[in-house]
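Data block below; observations after.
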Amino acid sequence: MASSTLNTTKAGKPVSRTKRWAPKTTTGCITCKKRHVKCDEARPTCHRCFKAKIACAGYALPARDSRGPLPIAPRVGAAYSDDYGLPLWDTPTVVPSSTRMDIRDLLYLAPTLIEARSLFGPAQTYHSEYSRMHTRELATYAQYLPARIDYDETLDCAIQCASASLREFSAHIVTHDTPFVLTNPAVLAAYSRALNSLQRALRHPERSKTAEILCATKLLMIFECTKGTTTDAALFQHTRGAALLIEHRGPEQFNSDFDRSLLTSHLPLLYLSMIRTGEHSFLNESRWLNIIQRAASTGPSSLDRCEFWLTYFGKAVPFAHHWIKTNRLITYPPFTLATKTGLHNAALDRANEICGILIPWHESIVTARPAQEQFRERWTDMVTISLATVIFQLKLAIAIGIENAKKANEDAIELCYKLERLHTARKNVARATALVVVGMYSAVMATHDEWTDYVEQNPQLGPGGQEIPRLMPPEIFWRLFQRAGFMPPPEPS
């Protein structure tokens, strides 16, 4: 009786109950879908699973959007076709949905590569750190891609290849905790097409200088990071190849926001390659240092283009060149006394100059806390990394016989304790930063007694009784720096 009352109007006429309509979402986490409950879609794990004390299985690949194409602005870089005589296609008014979704996948799935820990095929430290470093700044230049697709075949192929490899990688880590190796033949075929297209473009003297080709090169490096079979040596070679392409373009080509984003996002890789391999870089030229400083941007997606970060590279690149020259002088000193003395004196002068730059520079970073919240984490990284760089330089100066070496050694130890306190006080530390900090701290402390004994030895005296600067024996020198992750330079031919 009660149910019939609920289903009739006051006039006694029956009415049919209709279910209140609501759109069904398909973007919740895998666990909530299986439990048939509404997911709040929080990242990296949803709050509903957290409150229920259930392990959140994460999110499946994003569903393809079928709401239609996204209108875009005309292509920003279209003018190069007129100058270089390349074919210029008509500017489309819309972006095809499939390509737009590939770009979305690049931005959405790249964090899975950054957050992964031990899911890479080669069990080598540099592989995972390289991958995180390369993908972290993807958002900086990927934001310009919608205005550039469907104009350059090579760039389109690279976008499709990189996004496909990230989809495969993300699908694997949702359900597996084993190292990922890419075996999908369709994705491997896409890589082959993209690589062939890139090789054809690189043979063209003018097209090889375009921003699209450099961007395609960087995107294919993401594929190399994800496929699971690339070795450390191969990753170094890919970094070197992109560096040669940047040098081939010349600083005058980096005049748009897209160009400068491509350059600045590659700076950490170039710097790491210089330090690790001991090879000189074109970045030490004044014309390149000037263009790096002019690339500063305050955009929210331009973390690698904020002014204090580019200032860091303005200081770090000359320091890296000094490091390369010094470790070669210690490892392979010249046979002739005159040449050795000349190089040694030049290294001492340069060491004093760099010490006078780095210490005030670190202090200026400490006092330059950025107002923008999105730059705070990067600023904190810079405080610790710049402190590690100062310690690095003090040890380098001691090794070539700087005056007051004993005082410099004591200062380095004191700064090491400060570095360790700064590092342990932080809750969230980038893995690459942690490796630099922990590596430098542990190396200095492990070799402290040996270096102290060395600096306290009686000095060498010249004919007039003056103290003669001396070079540290290479075995003592490299016991510290190899523990910190650096490699001795190749023997000169």
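When all heavy atoms are compared, the tightest approach of Pro360 to Cys355 is CD-O, 4.2 Å. Heavy-atom minimum distance, Ala399 versus Phe477: CB-CD1, 3.5 Å. The nearest pair of heavy atoms linking Lys406 to Val455 is CA-CG2, 4.2 Å. Between Leu329 and Ala347, the shortest heavy-atom distance links the atoms CD2-CB, 4.2 Å. In this structure, Pro146 and Ile103 approach most closely via the heavy-atom pair N-CD1, 3.8 Å. Across all their heavy atoms, Val390 and Leu415 have their closest contact at CG1-CD1, 3.8 Å.
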Quiz prompt | Check against side-chain contact (heavy atoms from CB on, under 4.5 Å), Leu219 and Tyr141 | solution = CA-CA 10 Å; Leu219 289 172; Tyr141 61 89; 4.1 Å; yes
Practice problem: Using the side-chain contact (heavy atoms from CB on, under 4.5 Å) rule, take Leu283 and Leu267 through it: C-alpha gap first, then chi angles, then the decisive distance, then the call. | Solution: CA-CA 9 Å; Leu283 289 179; Leu267 287 178; 3.9 Å; yes
Practice problem: Mind running side-chain contact (heavy atoms from CB on, under 4.5 Å) on Glu410 and Glu414 for me, showing each step along the way? | Solution: CA-CA 6 Å; Glu410 293 172 353; Glu414 183 179 343; over 6 Å; no
Self-check item: Full working for side-chain contact (heavy atoms from CB on, under 4.5 Å) between Leu394 and Ile391
Solution: CA-CA 5 Å; Leu394 287 174; Ile391 298 169; 5.6 Å; no
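For Glu450, the side-chain contact (heavy atoms from CB on, under 4.5 Å) partners at least two apart in sequence or on another chain are Ile476, Arg479. Residues that satisfy the salt bridge (Lys or Arg N to Asp or Glu O under 4.0 Å) test with Glu353, not counting sequence neighbours, are Arg350.
A salt bridge links Arg167 with Asp102: the distance from a Lys NZ or Arg NE/NH1/NH2 to an Asp or Glu carboxylate oxygen falls below 4.0 Å. Contact check on Asp411 versus Lys407 returns a salt bridge, with a Lys/Arg side-chain nitrogen under 4.0 Å from an Asp/Glu carboxylate oxygen.
Within the 4.5 Å cutoff, side-chain heavy atoms of Lys340 are placed close to those of Leu471. Side-chain contact check for Leu220 versus Leu198: some heavy-atom pair is nearer than 4.5 Å. Contact of the Ile400 side chain with the Leu396 side chain is not registered, since no non-hydrogen atoms from C-beta on lie closer than 4.5 Å. Taking the side chain as every heavy atom from C-beta outward, Cys215 and Leu145 approach each other to under 4.5 Å. Using a 4.5 Å cut-off on side-chain heavy atoms (C-beta onward), Met445 and Ile413 make contact. Within the 4.5 Å cutoff, side-chain heavy atoms of Leu182 are placed close to those of Phe223. Side-chain contact between Trp451 and Met472 is present, with at least one heavy-atom pair separated by less than 4.5 Å. Put simply, the side chain of Leu214 reaches to within 4.5 Å of the side chain of Phe254, judged on heavy atoms.
With 3.5 Å as the limit, one finds a donor-acceptor pair spanning the side chains of Asp259 and Ser256. Residues Trp361 and Thr389 have side chains that never bring a donor and an acceptor to within less than 3.5 angstrom of each other. Using modelled atom types and a 3.5 Å distance limit, the side chains of Ser208 and His248 yield a donor-acceptor pair. In the model, Tyr191 has a side-chain atom that pairs as donor or acceptor with a side-chain atom of Glu224 under 3.5 Å. Counted by atom type alone, Thr452 and Asn409 present one or more donor-acceptor pairs between their side chains at under 3.5 Å.
Looking at Asn352, its side chain does come within 3.5 Å of a backbone N or O of Leu348 through a donor-acceptor pair. With hydrogens and angles disregarded, no donor-acceptor distance shorter than 3.5 Å links the side chain of His266 to the backbone of Ala242. Judged by distance alone, with hydrogens and angles left aside, the side-chain atoms of Arg470 form no donor-acceptor pair with the main-chain N or O of Gly401 at under 3.5 Å. One N or O on the side chain of Ser163 and one on the backbone of Gln160 form a donor-acceptor pair closer than 3.5 Å. Checked by atom type and distance alone, the side chain of Ser386 pairs as donor or acceptor with a backbone atom of Val383 at under 3.5 Å.
Atom CZ of residue Arg148 and atom CD1 of residue Ile159 lie 11.0 Å apart, to the nearest 0.5 angstrom. Note that CD of Glu285 and CG of Asn290 are 11.0 Å apart. Values are rounded to the nearest 0.5 Å. Rounded to the nearest 0.5 Å, atoms CG (Asn327) and NE2 (His322) are 10.0 Å apart. A distance of 15.0 Å separates NZ in Lys418 from OH in Tyr441, rounded to the nearest 0.5 Å. To the nearest 0.5 Å, the span separating CD1 on Ile213 from CG on Leu262 amounts to 11.5 Å. The SG atom of Cys49 sits 8.5 Å away from the CG atom of Asp40 when rounded to the nearest 0.5 Å.
Here ring-ring contact (aromatic ring centres under 6.0 Å, His included) pairs that include residues 392-420, with residues two or more places apart or in two chains, are Phe319-Phe392, Trp323-Phe392, Phe392-Phe481, Phe392-Phe486.
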